[in-house]
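Data block below; observations after.
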Protein chains: 2
Amino acid sequence: MLADMVSVSARPRECSIARTLEIVGEKWALLAVREVFLGNGRFDEMVRRTGAPRDTMATRLRALVGTGILERRQYSEHPARFEYHLTEAGRDLYPVILTLMHWGDKHLAGPGGVPLVLEHRCGHRLSAELVCQACGEPVVAEQTRPVRTR
Amino acid sequence: MLADMVSVSARPRECSIARTLEIVGEKWALLAVREVFLGNGRFDEMVRRTGAPRDTMATRLRALVGTGILERRQYSEHPARFEYHLTEAGRDLYPVILTLMHWGDKHLAGPGGVPLVLEHRCGHRLSAELVCQACGEPVVAEQTRPVRTR
DNA sequence: CTGTGTTAGTCCGGAATCTGGACTCACTGT
DNA sequence: ACAGTGAGTCCAGATTCCGGACTAACACAG
């Protein structure tokens, strides 16, 4: 009868981070998405450029289509051929991909510099930064705090 | 003898995203980091609030310490007790965590609204956005392109 | 000093997943 | 007729994951 009291605050948080990771929190899933961002929507090419086992890639792609991040479109009728495209939700993952890349560039760059440079349409080399929409200041952990709701 | 020609462009990309995911590209690892950001550095608490198997959490924490994302500090001598803290590199993961959370808030919010609201020190509810450091414009995938280096 | 808690793990065995490689099927282009 | 491509599937062995039980070392209550 005490079980409930004991388990108060004992269960995992409800959390958007956890929920998101449930869907894309796996190397091959995110690398598949990276490939599509880079313009590679074909199965074989994705396997080649990511290094994922074909089997695993097939499974991940099915899941990503299932959760509405990718869309599988036929681009050739007779030899039936397909290509994966980003949905709206998929495109929204760009910031995730970029922040991961940024972290890797900073903390894991090899001797040859960063592996991939992106250019923004403004003409500069892209270096993206997370800012508060309200005040425009860069966001750092120490300057935010959780708000109690319930 | 043709093997080399055939394999040209056939190997996985070198990529900061892939490298980063090699380290934090796993649910429990990132959720452990989330907990530390939220001020929870104790093992038991982390297990409780993430829902990870204790075993797995122990393994992840070892790895995160090994790669320099967390630091294990003793906070009590006699009953030897430890707490995990973020290193500089760990703190740099904040944007990754935030963009994941933002995506989840937008695409997976339940009926009760988003599970966790953060407040920026500017007083507003935090809604973070990725902008180009050069021009200040929000970054969208279509407005960036890879630059050929090698 | 006995019993109950707390913290930080470890140990275990079965279940689920991952992996690389071979294989398929339906074409196409030479 | 033969090699090639694209999109997978199948397989068996290796690896990881998972939940639950267990340990050790103390603190505090009664």
Side-chain angles (χ1 to χ4, degrees), chain A residues 1-3 5-12 18 21-32 35-36 39-66 70-85, chain B residues 1-3 5-12 18 21-32 35-36 39-66 70-85:
Chain A
M1 58 173 77
L2 300 186
M5 300 197 56
V6 173
S7 72
V8 161
S9 147
R11 66 184 165 300
L21 291 174
E22 215 59 58
I23 297 180
V24 293
E26 200 270 342
K27 213 180 7 161
W28 304 129
L30 240 6
L31 290 185
E35 282 309 306
V36 184
N40 259 308
R42 317 272 178 90
F43 183 85
D44 265 43
E45 201 62 11
M46 295 171 100
V47 165
R48 251 192 296 283
R49 309 300 294 263
T50 59
R54 312 176 68 72
D55 228 10
T56 307
M57 181 57 77
T59 307
R60 291 295 175 280
L61 288 174
R62 251 191 302 276
L64 288 169
V65 169
L70 298 180
E71 205 183 335
R72 185 165 173 269
R73 251 185 246 158
Q74 186 153 9
Y75 68 90
S76 151
E77 182 89 20
H78 244 322
R81 290 294 140 79
F82 305 89
E83 223 170 18
Y84 293 89
H85 291 263
Chain B
M1 58 171 80
L2 299 187
M5 301 197 55
V6 174
S7 72
V8 161
S9 147
R11 68 186 165 298
L21 291 174
E22 214 60 57
I23 297 180
V24 293
E26 201 269 340
K27 217 185 357 166
W28 304 128
L30 240 5
L31 291 185
E35 282 309 306
V36 184
N40 259 308
R42 316 272 178 92
F43 184 85
D44 264 44
E45 202 62 8
M46 294 170 101
V47 165
R48 250 190 297 282
R49 310 299 295 261
T50 60
R54 312 175 67 73
D55 226 10
T56 307
M57 181 56 79
T59 306
R60 290 298 173 279
L61 288 173
R62 251 192 301 276
L64 289 168
V65 169
L70 298 180
E71 206 184 333
R72 185 166 174 268
R73 249 184 248 159
Q74 186 153 10
Y75 69 90
S76 152
E77 182 89 19
H78 244 323
R81 292 293 141 80
F82 304 90
E83 224 171 17
Y84 293 89
H85 291 263

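Naming: A, B, ... by sequence-line order, numbering from 1 per chain.
With sequence neighbours left out, the side chain to side chain contact (heavy atoms under 4.5 Å, CB included) criterion links Asp44(A) to Arg48(A), Arg54(A). With sequence neighbours left out, the side chain to side chain contact (heavy atoms under 4.5 Å, CB included) criterion links Ala63(B) to no other residue. With sequence neighbours excluded, the residues forming a side chain to side chain contact (heavy atoms under 4.5 Å, CB included) with Glu83(B) are Arg42(B), Tyr75(B), His85(B), listed by chain and number. Scored by the side chain to side chain contact (heavy atoms under 4.5 Å, CB included) test, Glu77(A) finds no partners at all (sequence neighbours excluded). Looking at residues two or more places apart in sequence or on another chain, you find a salt bridge (Lys or Arg N to Asp or Glu O under 4.0 Å) between Arg73(B) and Glu71(B).
As rounded to whole Å, 11 Å separates atom P of dG6(D) from atom CD of Glu83(A). The nearest whole Å value for the distance from the CZ atom in Arg49(A) to the C1' atom in dA7(D) is 18 Å. Between Met46(B) atom CE and dG9(C) atom C1' the separation is 14 Å, expressed in whole Å. Going from atom CD of Glu35(A) over to atom P of dA7(D) covers 14 Å, rounded to whole Å. At whole-Å resolution of the value, CE in Met57(A) and C1' in dA7(D) are 13 Å apart. One interatomic measurement links the two molecules: CD of Glu45(A) to P of dG6(D), which rounds to 8 Å at whole-angstrom precision. For Asp44(B) and dT10(C), the CG to P distance is 12 Å, given to the nearest whole Å. Atoms CZ (Arg48(A)) and P (dG4(D)) sit 14 Å apart, rounded to a whole Å.
End-to-end axis angle of the helix from dC1(C)-dG30(D) to dT30(C)-dA1(D), using five pairs per end and rounding to 10°, comes to 10°.
Residues Arg49(B) and Leu31(B) are not in side-chain contact: their nearest non-hydrogen atoms beyond the backbone lie 4.5 Å or more apart.
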Run the side-chain contact (heavy atoms from CB on, under 4.5 Å) check on Tyr84(B) and Val65(B) step by step: do they pass?
CA-CA 9 Å; Tyr84(B) 293 89; Val65(B) 169; 3.8 Å; yes
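Atoms CG and OG1, from Leu30(B) and Thr50(B) in turn, are 12.0 Å apart once rounded to the nearest 0.5 Å.
Using a 4.0 Å heavy-atom criterion, one finds that Phe82(B) contacts the sugar-phosphate atoms exclusively.
Among residue pairs with one or both ends in residues 55-66 of chain A, those qualifying as salt bridge (charged side-chain N to carboxylate O under 4.0 Å, His left out) are Glu26(A)-Arg60(A); sequence neighbours excluded.
For dT7(C), the OP1/OP2 oxygens have no side-chain nitrogen or oxygen of Tyr84(B) closer than 4.0 Å.
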Scan nucleotides 18-30 of chain C nucleotide by nucleotide, 5' to 3', and note B when protein non-hydrogen atoms come under 4.0 Å of the base, S if they reach only the sugar-phosphate, - if neither.
SBB-B---BSS--
